[in-house]
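So the structure is just underneath, and the comments pick up after that.
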Number of protein chains: 2
Amino acid sequence: MAVYTDISEDDLSGFLTQYDVGELTSYKGIAEGVENTNFLLQTTKGAYILTLYEKRVDQSDLPFFLGLMHHLAGNGLSCPLPIPRLDGALLGELSGRPAAVISFLTGVWLRKPDANHCREVGRALAAMHVAGDGFDLTRRNALSVSGWRPIWNNSVARADEVQPGLADEIGAELDHLEARWPKTLPSGVIHADLFPDNVFFLGDDLSGLIDFYFACNDFFAYDVSICLNAWCFEKDGAFNITKGMALLAGYESVRQLSDDEVAALPLLARGSAMRFFLTRLYDWLMTPAGALVVKKDPLEYLKKLQFHRSVASAAEYGLVRESLSP
Amino acid sequence: MAVYTDISEDDLSGFLTQYDVGELTSYKGIAEGVENTNFLLQTTKGAYILTLYEKRVDQSDLPFFLGLMHHLAGNGLSCPLPIPRLDGALLGELSGRPAAVISFLTGVWLRKPDANHCREVGRALAAMHVAGDGFDLTRRNALSVSGWRPIWNNSVARADEVQPGLADEIGAELDHLEARWPKTLPSGVIHADLFPDNVFFLGDDLSGLIDFYFACNDFFAYDVSICLNAWCFEKDGAFNITKGMALLAGYESVRQLSDDEVAALPLLARGSAMRFFLTRLYDWLMTPAGALVVKKDPLEYLKKLQFHRSVASAAEYGLVRESLSP
């Protein structure tokens with residue numbers, strides 16, 4: 001939620017001559033994206049997003065992200081499309097930073113999604129998993145199981161400041177996850193961050209997915225488990241099985257989960273809760289007091305993790321299967 | 001440069017039914033305005049700005065600000081126009097805050113204005129002074145000479161942390177300004193904050209003025225002196241007389257300055273430099289270390305103040321007058 005880099009109109013107008021996007025009439029920094037600087041451009045041809053990639057993004061990943069959007073859009077997924085420059089390149093440079101012009105996706109993200117929206121999200125997530133097929137670049141998931149221990153090691157000494165006993169609990173949980181994490185499950189390109197602010201709706205219709213800057217290759221079911229965490233808990237911390245049922249049914253209306261995926265879902269959900277717990281805990285401990293950023297409470301994800309620990313099978317998330325019925 | 005309040009799409013869509021602005025298709029928080037929260041809305045009818053007024057703005061001032069924009073636009077000044085609700089009111093309420101829908105003004109603000117742009121700004125400032133005539137609400141300038149001592153009293157104890165000797169220098173300067181500040185000069189509604197980020201251009205043509213949230217009743221020439229400070233100094237601190245000449249000539253192409261105004265200009269410019277010095281100093285001292293806001297250097301305005309102290313007459317700003325020539 002920040003604008004890290006300002007740009008001059010001369011630099012921007014010069015930059016835009018490399019694109020077929022018309023004449024600039026307005027640009028405003030927008031409070032979206034925590035890793036990058038985003039401007040909403042208006043030109044004589046319409047609206048565009050200009051993204052400047054800041055230091056937190058590894059530049060060697062940019063061809064993956066931009067190429068993926070291009071690939072997904074080409075396969076019919078509604079997502080922002082990087083506008084090629086006149087020379088065909090998707091990536092340019094502005095104010096000393098890698099920069100891309102992206103098509104403007106209409107829609108709003110839902111602050112209070114309901115079960116029908118969850119069904120649409122499940123459907124769109126599966127559509128993305130299918131649409132990613134054939135994309136020939138790969139990116140490993142640095143925030144999956146092997147990445148958690150290093151983040152934890154940077155926080156463990158101060159973890160009990162946040163909640164007494166946290167160091168012991170998380171240490172044991174990491175041992176458990178590392179020992180039991182699946183080795184093989186159906187895999188491909190996953191979004192890995194499909195929170196409500198990354199899904200746009202027009203009325204009740206899903207209009208598209210945005211922000212592919214955590215996308216990577218990993219288990220499809222891990223992506224499903226992220227969505228269960230991101231969409232199906234209420235503000236009071238309770239899991240909403242109606243939303244879970246809708247999300248999973250929406251997903252399976254496009255792509256059926258295998259028995260192995262279904263069996264792994266509770267463990268994967270513990271893992272994805274751990275992933276967001278750890279990055280939030282790190283940010284919580286590292287953000288200086290008084291800084292004007294919204295610190296997200298890591299304990300929200302500890303509570304989700306604890307819920308998943310209690311889950312015996314995916315039926316408790318609302319997955320409907322003959323074999324899972326009591 | 002912040003979004004202080006988020007709003008849900010349901011609340012926003014409900015709010016917009018009170019206006020004739022079409023159906024909402026997108027809204028994004030924008031990094032503009034330090035006092036308020038601003039969203040750029042897209043609807044089936046076009047683009048709008050939605051402003052939520054935060055606590056720093058005195059609600060009793062809102063009828064003045066919104067009415068002024070309406071008055072100025074009605075008199076031909078290009079500025080954002082508050083969209084009336086279906087019931088005729090300019091002000092609504094959203095998320096517990098006063099809120100207004102404002103027309104979208106095309107254009108970009110110039111990070112590196114040149115002398116021709118300064119001429120356009122001078123012309124637009126004078127046009128605003130003329131267009132404000134007949135507006136029947138008034139608002140006193142809380143940041144003019146009588147308001148400076150109270151701000152200073154909150155900073156003086158720590159002023160020498162910023163630069164040794166500052167407390168003595170500013171104290172003496174305030175004594176000087178308070179003793180000599182003009183009692184009567186041509187007055188009316190002034191913008192009082194016409195910095196480059198509040199003036200939009202399309203190419204080299206000025207497309208309009210924005211952000212009237214410091215507007216008040218005061219001396220027109222004080223507003224001119226603010227623009228001299230805001231537009232006519234180079235990054236190295238030097239006054240650019242070519243820009244000053246262009247700004248003043250642009251102003252006088254619409255409204256002639258009286259002899260009294262011309263004679264007062266150096267003192268008024270010391271005063272307006274003092275005004276921005278004091279608010280910046282206060283923010284500088286009060287902003288916690290590590291906070292993710294850009295702290296503006298108060299010493300930039302001390303240097304401008306010192307320059308104005310050396311100015312003997314408005315000719316040194318580039319004002320062309322027979323009687324001022326050597």
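Everything numeric in this text was worked out from a predicted model, so none of it was measured. Chain letters run A, B, ... following the sequence lines, proteins first and then strands; every chain starts at 1.
For B/Arg111 (side chain) and A/Glu9 (main-chain N/O), no donor-acceptor pair under 3.5 Å exists by modelled atom type.
A heavy-atom distance below 4.5 Å is not found between the side chains of B/Ile30 and A/Leu40. Side-chain contact between A/Phe104 and B/Ser26 is present, with heavy atoms from C-beta onward closer than 4.5 Å. Between A/Val108 and B/Gln42, the closest side-chain pair of non-hydrogen atoms is not below 4.5 Å.
Contact annotation for A/Ile7: only backbone heavy atoms (N, CA, C, O) come within less than 4.5 Å of a heavy atom of chain B. Only the side chain of A/Ile49 comes within contact range of chain B, with at least one heavy atom under 4.5 Å from a heavy atom of that chain.
The minimum heavy-atom distance linking A/Trp109 with B/Tyr27 is given by the pair O-OH, 4.2 Å.
For the set B/Gly107, B/Ser207, B/Gly203, the count of heavy-atom pairs under 4.5 angstrom toward chain A peaks at B/Gly107. With respect to chain A, the highest number of heavy-atom pairs below 4.5 Å among B/Leu110, B/Leu105, B/Leu202 belongs to B/Leu110.
Annotation for A/Glu23: atom CD does not count as buried by contact number, only 12 or fewer foreign heavy atoms lying within 6.0 Å. Residue B/Tyr282 places its OH atom among 12 or fewer non-hydrogen atoms of other residues, nucleotides or ligands, all under 6.0 Å distant.
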